[in-house]
Amino acid sequence: MIKIAFYGKGGIGKSTTVTNLSVALARRGVKVLQIGCDPKADSTRLLRPDFSLSGNSTLEVREKNKENELSRDLSAESSDIPDPAQEISAMIRGLREGARLTVMDYIRAREPFSLEDVVKTGYAGVLCVETGGPLPGQGCAGRAVITALEKLEQMGIYESYKPDVVLYDVLGDVVCGGFASPMRSGVADYVYILTSGESMALYAAANIALALEHFQGRGYARLGGLILNRRDVPDEQEKAEALAAGFGTQVIGALSRSSLVPEAEERGQCLLQAFPQSEIAEEYRRIAGRIVR
């Protein structure tokens, strides 16, 4: 079993990348466990048909949307036309009602639970878990990640499911407290950092790499390399390669900027599910082959 954590600036595309890498590996016959380490608990949402903060499964939501589209085609006056405001209201209601989706949801509610309650099988057979976090403004999110990861280990998640690969999708560029636990406590074997050629993304990547340097020699996670998620800024490849060289590593792969990624997510699917024959899908597959040989 190999355990890999992914870090990078918030909004750099970690969850999208990790999800597509999970699917790419799963389609090669690798048993993958993806663990989202973010209070938003949205890392695995495109893989899980049961995942919806509205209280309905995403399959139910999609079926309802299909019905609405048909009604709209049949009658422009139909009252069933999807209302974006209603969709947002449903999401807010789900958050307030505290749907049981994450490890921390159960821990916070002091409810007994089993691994089957929090480990769900998603698209392509990827095993999905969300650590979750405290209610907004009511606790330390980093501490919640530590608590959830410790609880999963105590419950024997790795022994029970025996994954070949564990991918941790870690919140933003925070390298303190619980968000550093995948790199600091020996949870992960390798860390990969996502960056673009934008200055803030490069700065965040350097900060994460520097944190890893501080843990060298203690048997903790090693820096596996950088993944360039292109934003089409000048000299992007050169900047990423220079940063990698500065920390004794390399850019293991690059992802093109593609409109297919948000288009797939609008469908409620990951890129490899929606557009498996696209060039960007092949880029994800190449990177998956570099991180797990």
Side-chain angles (χ1 to χ4, degrees), residues 1-8 12-53 58 101-105 115-133 144-145 148-153 155-172 178-179 181-183 187-194 221 224 227 229 253 255 261 264-265 268-274 276 281 284-285 287-292:
M1 178 173 60
I2 182 172
K3 300 177 181 178
I4 303 171
F6 292 83
Y7 285 81
I12 198 62
K14 284 185 305 301
S15 295
T16 297
T17 299
V18 174
T19 294
N20 282 290
L21 292 179
S22 289
V23 172
L25 291 169
R27 285 180 170 171
R28 291 172 49 192
V30 177
K31 190 172 185 179
V32 182
L33 170 61
Q34 180 173 328
I35 301 181
C37 302
D38 188 326
K40 297 193 303 300
D42 59 354
S43 174
T44 62
R45 64 186 177 84
L46 297 178
L47 297 173
R48 292 173 55 174
D50 65 305
F51 193 102
S52 173
L53 291 175
T58 53
L101 295 170
T102 74
V103 178
M104 285 306 302
D105 287 333
L115 285 173
E116 289 72 21
D117 290 320
V118 293
V119 182
K120 303 298 180 181
T121 301
Y123 178 72
V126 176
L127 299 170
C128 303
V129 180
E130 297 285 352
T131 65
V145 171
L149 290 178
E150 289 177 346
K151 183 67 174 177
L152 290 170
E153 189 162 8
M155 295 176 75
I157 186 171
Y158 306 116
E159 295 79 9
S160 295
Y161 289 92
K162 296 181 173 58
D164 300 311
V165 178
V166 182
L167 302 184
Y168 301 96
D169 176 14
V170 188
L171 171 69
F179 299 117
S181 60
M183 68 168 71
V187 174
D189 301 303
Y190 295 95
V191 167
Y192 287 89
I193 304 173
L194 269 75
I227 298 172
N229 197 12
L255 296 165
V261 175
E265 295 187 359
Q269 299 176 335
C270 68
L271 187 284
L272 263 72
Q273 180 180 7
Y284 282 119
R285 286 190 283 266
I287 292 173
R290 294 291 302 277
I291 65 173
V292 179

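Just so we're clear, the structure is a prediction, and the values are computed from it rather than from any experiment. Note that these values count all heavy atoms, side chains included, but never hydrogens, waters or copies made by symmetry.
- Side-chain contact between Ile157 and Val118 is absent, with no heavy atoms from C-beta onward closer than 4.5 Å.
- Nearest heavy-atom pair, Gly29 versus Asp164, reported as atom, atom and distance to 0.1 Å: O-OD2, 4.3 Å.
- Closest heavy-atom contact between Ala41 and Thr102: CB-CG2, 3.5 Å.
- Looking at heavy atoms from C-beta onward, Leu33 lies in side-chain contact with Tyr158 at the 4.5 angstrom threshold.
- The shortest side-chain heavy-atom distance between Lys40 and Leu171 falls under the 4.5 Å cut-off.
- Between the side chain of Asn229 and the backbone N or O of Ile12 there is at least one donor-acceptor pair closer than 3.5 Å.
- A pairwise comparison of heavy atoms in Cys37 and Thr131 identifies CA-OG1, 3.5 Å as the closest pair.
- Side-chain contact between Thr16 and Leu271 is absent, with no heavy-atom pair separated by less than 4.5 Å.
- In this structure, the side chains of Val126 and Thr44 stay at 4.5 Å or more apart for every pair of heavy atoms.
- Nearest heavy-atom pair, Leu272 versus Arg27, reported as atom, atom and distance to 0.1 Å: O-NH1, 2.9 Å.
- Side chain of Thr121 to backbone of Leu127: no donor-acceptor contact under 3.5 angstrom is found.
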TODO: Just do the side chain to side chain contact (heavy atoms under 4.5 Å, CB included) check on Ile35 and Leu149 with the steps written out, would you?
DONE: CA-CA 9 Å; Ile35 301 181; Leu149 290 178; 4.2 Å; yes
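- Counting heavy-atom neighbours within 6.0 Å of Tyr190 OH, excluding the residue itself, gives a total of 12 or less.
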- [ ] Begin with the C-alpha distance, continue with both residues' side-chain angles, and end with the deciding distance and a verdict on side chain to side chain contact (heavy atoms under 4.5 Å, CB included) for Val23 and Gln273.
- [x] CA-CA 8 Å; Val23 172; Gln273 180 180 7; over 6 Å; no
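- Distance check, rounded to the nearest 0.5 Å: OH of Tyr192 to CG of Leu21 gives 10.0 Å.
- For the pair Asp105/Glu130, no side-chain contact is recorded, criterion being any heavy-atom separation below 4.5 Å from C-beta on.
- Legend: residues meeting side chain to side chain contact (heavy atoms under 4.5 Å, CB included) with Ala274, ordered by chain and number and at least two apart, are Ala264, Arg267, Gln269.
- At a threshold of 4.0 Å, the pair Arg45-Glu265 counts as salt-bridged, since one of the basic side-chain nitrogens sits closer than that to a carboxylate oxygen.
- A heavy-atom distance below 4.5 Å is found between the side chains of Tyr284 and Val261.
- The minimum heavy-atom distance linking Pro276 with Ala281 is given by the pair O-CB, 3.5 Å.
- Looking at every heavy atom in both residues, Leu194 comes nearest to Phe6 through CD1-CD2, 4.0 Å.
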Open item on the list: What verdict does the side chain to side chain contact (heavy atoms under 4.5 Å, CB included) test give for Ile291 and Ile2, after you've listed the backbone C-alpha separation in whole Å, the side-chain angles of each residue and the deciding distance to 0.1 Å?
Closed with: CA-CA 10 Å; Ile291 65 173; Ile2 182 172; over 6 Å; no
Open item on the list: Would Tyr161 and Leu115 count as a side chain to side chain contact (heavy atoms under 4.5 Å, CB included) here? Give the steps.
Closed with: CA-CA 10 Å; Tyr161 289 92; Leu115 285 173; 4.0 Å; yes
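- The shortest side-chain heavy-atom distance between Asp169 and Asp38 does not fall under the 4.5 Å cut-off.
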